[in-house]
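What follows is one structure encoded as structure tokens, with my remarks underneath.
These numbers come from a predicted model, not from an experiment. Values below: all heavy atoms of this structure, side chains included; hydrogens, waters and symmetry mates excluded. Residue numbering restarts at 1 for every chain, and letters A, B, ... go by the order of the sequence lines.
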Amino acid sequence: DAGVIQSPRHEVTEMGQEVTLRCKPISGHDYLFWYRQTMMRGLELLIYFNNNVPIDDSGMPEDRFSAKMPNASFSTLKIQPSEPRDSAVYFCASSLPGYSYEQYFGPGTRLTVT
Amino acid sequence: DQQVKQNSPSLSVQEGRISILNCDYTNSMFDYFLWYKKYPAEGPTFLISISSIKDKNEDGRFTVFLNKSAKHLSLHIVPSQPGDSAVYFCAASAWGGKLIFGQGTELSVKP
């Protein structure tokens with residue numbers, strides 16, 4: 001299995017632009033998580049889905065952030081408009097049915113907003 | 001309001017010796033605890049976990065201890081190897097799927 005796939009690996013954009021991060025979970029996993037890692041706040045959960053349905057989005061920082069999961073094999077995290085404080089590493093993770101604690105992480109997308 | 005705390009940002013040990021990484025938590029509702037390991041430019045990888053009904057779980061060189069009364073858990077690595085050099089995160093959950101992570105401890109194992 002290829003593991004969790006994220007794209008792009010690196011993204012540099014200017015303030016005000018729309019940014020879309022993509023994630024393909026491991027086949028057969030029914031939980032999908034989006035995390036953000038910063039020096040100040042560490043690794044924090046933004047949102048997670050179960051069977052493509054958003055379960056908890058309380059970690060989404062503000063309305064500029066949105067996430068979708070149109071099917072079991074694809075999810076996006078969108079920031080519109082982006083701001084310099086959004087600069088971070090964004091991770092996607094997935095887990096097996098009944099094993100939501102043991103999450104498999106992708107390699108992350110390093111986002112830089114100038 | 002940090003519910004999971006790793007107070008040591010870094011730890012250095014000699015190869016072959018024991019590494020002990022510590023983690024404290026504040027929420028008594030947490031019922032499952034995990035340790036993840038992270039290398040640079042990679043995502044965290046699951047290492048070992050423990051349910052709140054246990055006080056110890058062992059997997060090869062890795063052992064996790066849980067002291068519920070002290071709200072403290074620790075990860076022991078014996079013997080430590082240079083390949084164990086990484087950032088270690090502890091995480092806790094009370095809501096089935098939602099993990100709260102500590103800030104991480106960077107372990108350096110010197111040959």
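Between the side chain of Thr76(A) and the main chain of Ala67(A), no donor-acceptor pair closer than 3.5 Å is present. The closest donor-acceptor contact from the side chain of Gln14(B) to the backbone of Pro111(B) lies under 3.5 Å.
With a threshold of 4.5 angstrom between heavy atoms, Phe91(A) approaches chain B through side-chain atoms but not through N, CA, C or O. Using a 4.5 Å cut-off between heavy atoms, Ser49(B) touches chain A through its side chain atoms alone. Interface remark: Arg41(A) contributes backbone atoms only to the contact with chain B (heavy atom separation under 4.5 Å). Contact annotation for Thr109(A): neither backbone nor side-chain heavy atoms come within less than 4.5 Å of a heavy atom of chain B. Of the two parts of Glu42(B), only the backbone, made up of N, CA, C and O, holds a non-hydrogen atom closer than 4.5 Å to a non-hydrogen atom of chain A. Only the side chain of Gln37(A) has a heavy atom closer than 4.5 Å to any heavy atom of chain B.
Of all the listed residues (Pro44(B), Ala91(B), Gly43(B), Ala41(B)), the one sharing the greatest number of non-hydrogen pairs under 4.5 Å with chain A is Pro44(B).
Between the side chains of Gln103(A) and Tyr35(A), at least one donor-acceptor pair of N or O atoms lies under 3.5 Å. No side-chain donor-acceptor contact under 3.5 Å links Ser82(A) and Thr13(A).
Looking only at side-chain heavy atoms (C-beta outward), Cys90(B) and Leu75(B) stay at 4.5 Å or farther from each other. Phe62(B) places a side-chain heavy atom less than 4.5 Å from the side chain of Asp84(B).
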